Amino acid sequence: MSASFTSKWSIGRSLLGSLSNNLLGAVKTTHEVIPRLHYNSIFSQQQRTFIQMRTNLKVVDNSGAKRVMCIQALKGRRGARLGDTIIASVKEAQPRGKVKKGEVVYGVVVRAAMQRGRCDGSEIKFDDNAVVIVNKQGEPIGTRVFGPVPHELRKKKHLKILTLAEHIA
C-alpha cells in the first residue's frame, strides 16, 4: 500500500515547475510535495469495445484451431457482442485438427471483454475474447467447449454450445 502511494506522489519538481524554474532561475526546495500526473496509467487502461474486423480471438473448443482473426461481424454495424456470429480466419491451428490454418470459418462469440448488462441489472464481462467455431448451420464443429459460457447464448438459440460447455456463467 505504501509502495503504491509513494509511486503516485513525488517529492521534487514537476515538469511545469522545472520549466518555470529554468526560466526564472529560481531553485525549488525539496520538501514540497507535488502530485505527478500519470499519463501512463491513463493510457495503459485498454478501452473495451465490440469485436470488430481484425480482432484476434481465442478458440475455446477442440476443433483444432487455437487463434482466429475476425473478418466480419454478421450482425450489427459496430461489431459483434456475446452470442453473435462472426466470420473469421484461422491464424493458429493444431497439427491434426479438423480446422486448418488459413481456413475461413464461422464462429460464435462466447466470451467478450466488453461489458454487457443483464436483465436483473448486473453486468457480465470476461477477461478475454473467445469464440466457438461452428458450421453454416450454427452447429459446433468441436465436441467440447472449455471455460465459462454465458447463459445469454440461450436467447440467441445456441443451445448446443451450452450443452457442451463445462461451466455456464
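Values below: all heavy atoms of this structure, side chains included; hydrogens, waters and symmetry mates excluded. The structure presented is a predicted model; accordingly, all values stated were derived computationally and were not measured.
- Across all non-hydrogen atoms, the minimal contact from A112 to L82 is N-CD2, 3.6 Å.
- Pairing each heavy atom of M114 with each of F50, the nearest pair is SD-N, 3.7 Å.
- A continuous path of Ile, Leu, Val, Met, Phe, Trp and Tyr side chains, each step under 4.5 Å between heavy atoms, connects I161 with L74, placing both in one hydrophobic cluster.
- Partners of K98 by side-chain contact (heavy atoms from CB on, under 4.5 Å), not counting sequence neighbours, listed by chain and number: I141, T143.
- A pairwise comparison of heavy atoms in F126 and P148 identifies CE2-CG, 4.1 Å as the closest pair.
- Connection of V104 to V90 is not established within any shared hydrophobic cluster, with ILVMFWY side chains joined at heavy-atom distances below 4.5 Å, either directly or through further cluster members.
- One N or O on the side chain of D120 and one on the backbone of S122 form a donor-acceptor pair closer than 3.5 Å.
- In the hydrophobic cluster analysis, where Ile, Leu, Val, Met, Phe, Trp and Tyr join through side-chain heavy atoms closer than 4.5 angstrom, F146 is grouped apart from V149.
- Two different hydrophobic clusters hold I87 and V105 under the rule that ILVMFWY side chains link at heavy-atom gaps under 4.5 Å.
- Residue L164 comes nearest to G142 through the heavy atom pair CD1-O, 3.9 Å, listed as atom of the first residue, atom of the second, then distance.
- Between the K157 side chain and the R154 main chain, no donor and acceptor come within less than 3.5 Å of each other.
- Remark: of the listed residues K156, R116, K75, K156 is the sole one forming a salt bridge (charged side-chain N to carboxylate O under 4.0 Å, His left out) with D84.
- The backbone N or O of A113 lies less than 3.5 Å from a partner atom in the side chain of N129, making a donor-acceptor pair.
- Contact between T55 and L57 at its shortest, heavy atoms only, is O-CD1, 3.4 Å.
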- Can K91 and M69 be said to form a side chain to side chain contact (heavy atoms under 4.5 Å, CB included), step by step? CA-CA 7 Å; K91 292 298 179 185; M69 185 177 73; 3.6 Å; yes

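- Without hydrogens or angle criteria, N62 side chain to R144 main chain gives a donor-acceptor distance under 3.5 Å.
- With hydrogens and angles ignored, the 3.5 Å screen pairs a side-chain donor or acceptor of R81 with a backbone N or O of Q115.
- Across G83 and L153, no two heavy atoms sit closer than the pair CA-CD2, 3.3 Å.
- No path of Ile, Leu, Val, Met, Phe, Trp and Tyr side chains, each step under 4.5 Å between heavy atoms, connects I168 with V131, placing them in separate hydrophobic clusters.
- Salt bridge R67/E92: present, at least one basic N to carboxylate O contact under 4.0 Å.
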- Evaluate side chain to side chain contact (heavy atoms under 4.5 Å, CB included) for D61 paired with V110, printing each intermediate quantity in order. CA-CA 11 Å; D61 61 4; V110 294; over 6 Å; no

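- We find the OG-CD distance between S63 and E103 to be 9.5 Å, quoted to the nearest 0.5 Å.
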- Show your reasoning for whether side chain to side chain contact (heavy atoms under 4.5 Å, CB included) applies to Y106 and I86. CA-CA 6 Å; Y106 287 86; I86 63 169; over 6 Å; no

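- In this structure, R111 contributes its side chain and D127 its backbone to no donor-acceptor pair below 3.5 Å.
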